[in-house]
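Working notes for the structure below.
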Amino acid sequence: NDKNIVFSGDAIWPEMVEENYLPESQDVSKMIDSALKICEVADEIVPGHGPVILKDDIEKIKNNLLKLKNKKRRGRIVA
């Protein structure tokens with residue numbers, strides 16, 4: 001059974017499983033879009049720091065990022 005393992009560097013952080021956590025970024029929209037693309041293709045994520053992130057937590061990260069993206073569209077995220 002093949003797995004897509006993504007080495008994400010600092011694009012994905014284990015703390016992103018927690019709602020409303022975003023690492024510092026100069027371009028929040030671009031950071032969210034990049035992280036979402038990673039979550040779409042990954043079965044496992046090896047972040048730059050911390051433990052490997054498995055599928056269940058990847059889904060949580062994806063859902064949290066989508067919520068943050070929707071808030072950003074409504075102008076509620078300040079970077």
Side-chain angles (χ1 to χ4, degrees):
N1 212 357
D2 290 342
K3 285 185 184 178
N4 289 324
I5 299 172
V6 177
F7 293 80
S8 69
D10 287 338
I12 301 283
W13 290 66
E15 294 86 353
M16 292 170 85
V17 172
E18 318 239 342
E19 202 165 325
N20 295 322
Y21 178 84
L22 283 178
E24 297 227 1
S25 175
Q26 290 180 343
D27 187 335
V28 174
S29 294
K30 190 181 283 187
M31 191 278 306
I32 290 173
D33 289 341
S34 295
L36 281 169
K37 286 177 186 174
I38 291 169
C39 290
E40 287 292 328
V41 300
D43 295 309
E44 293 181 6
I45 297 173
V46 179
H49 307 277
V52 171
I53 302 168
L54 302 177
K55 198 66 177 172
D56 286 346
D57 282 340
I58 293 170
E59 284 301 311
K60 289 177 188 174
I61 290 171
K62 182 179 161 187
N63 290 334
N64 289 339
L65 289 168
L66 288 170
K67 288 178 195 173
L68 290 169
K69 186 172 184 164
N70 288 334
K71 285 181 185 177
K72 175 120 179 68
R73 280 194 194 128
R74 289 178 260 155
R76 288 165 56 205
I77 292 181
V78 178

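All residue numbers refer to positions in the sequence shown, counting from 1.
- Of all non-hydrogen atoms in Pro14 and Gly50, the two that sit nearest each other are CG-CA, 4.1 Å.
- Val52 and Val6 are assigned to two separate hydrophobic clusters, defined by single-linkage of ILVMFWY side chains at heavy-atom distances under 4.5 Å.
- Linking Ile, Leu, Val, Met, Phe, Trp and Tyr residues whenever their side-chain heavy atoms come within less than 4.5 Å places Val41 and Ile61 in a single cluster.
- Formation of a donor-acceptor pair under 3.5 Å by the Asp57 side chain with backbone atoms of Val17 is not found in this model.
- Between Cys39 and Ile12, the closest heavy-atom pair is SG-CD1, 4.1 Å.
- Residue pairs meeting the ring pair (Phe, Tyr, Trp, His ring centres under 6.0 Å) criterion with at least one member in residues 36-70, sequence neighbours excluded, are Trp13-His49.
- Annotation: side chain of Glu15 is not in contact with side chain of Pro23 (no heavy-atom distance under 4.5 Å).
- If you take CE on Met31 and CG on Leu36, they are separated by 9.0 Å, rounding to the nearest 0.5 Å.
- Interatomic distance, CD1 of Ile45 versus CG of Asn4, reported as 11.0 Å (0.5 Å rounding).
- Every pair passing salt bridge (charged side-chain N to carboxylate O under 4.0 Å, His left out) that includes a residue from residues 31-52 is listed here, sequence neighbours excluded: Lys3-Glu44, Asp33-Lys69, Glu40-Lys62, Asp43-Lys55.
- Linking ILVMFWY residues whenever their side-chain heavy atoms come closer than 4.5 Å, directly or via other members, places Val28 and Leu66 in the same cluster.
- The two residues Ile32 and Leu65 come nearest to each other via the heavy atoms CG2-O, 3.9 Å.
- In this structure, Glu18 places its CD atom where only 12 or fewer heavy-atom neighbours from other residues, nucleotides or ligands lie under 6.0 Å away.
- Applying side chain to side chain contact (heavy atoms under 4.5 Å, CB included) to Ser8 and the options Ile53, Val46, Ile38 leaves one that passes, Ile38.
- Contacts of Glu24 classified as salt bridge (charged side-chain N to carboxylate O under 4.0 Å, His left out), with partners at least two apart in sequence or in another chain: none.
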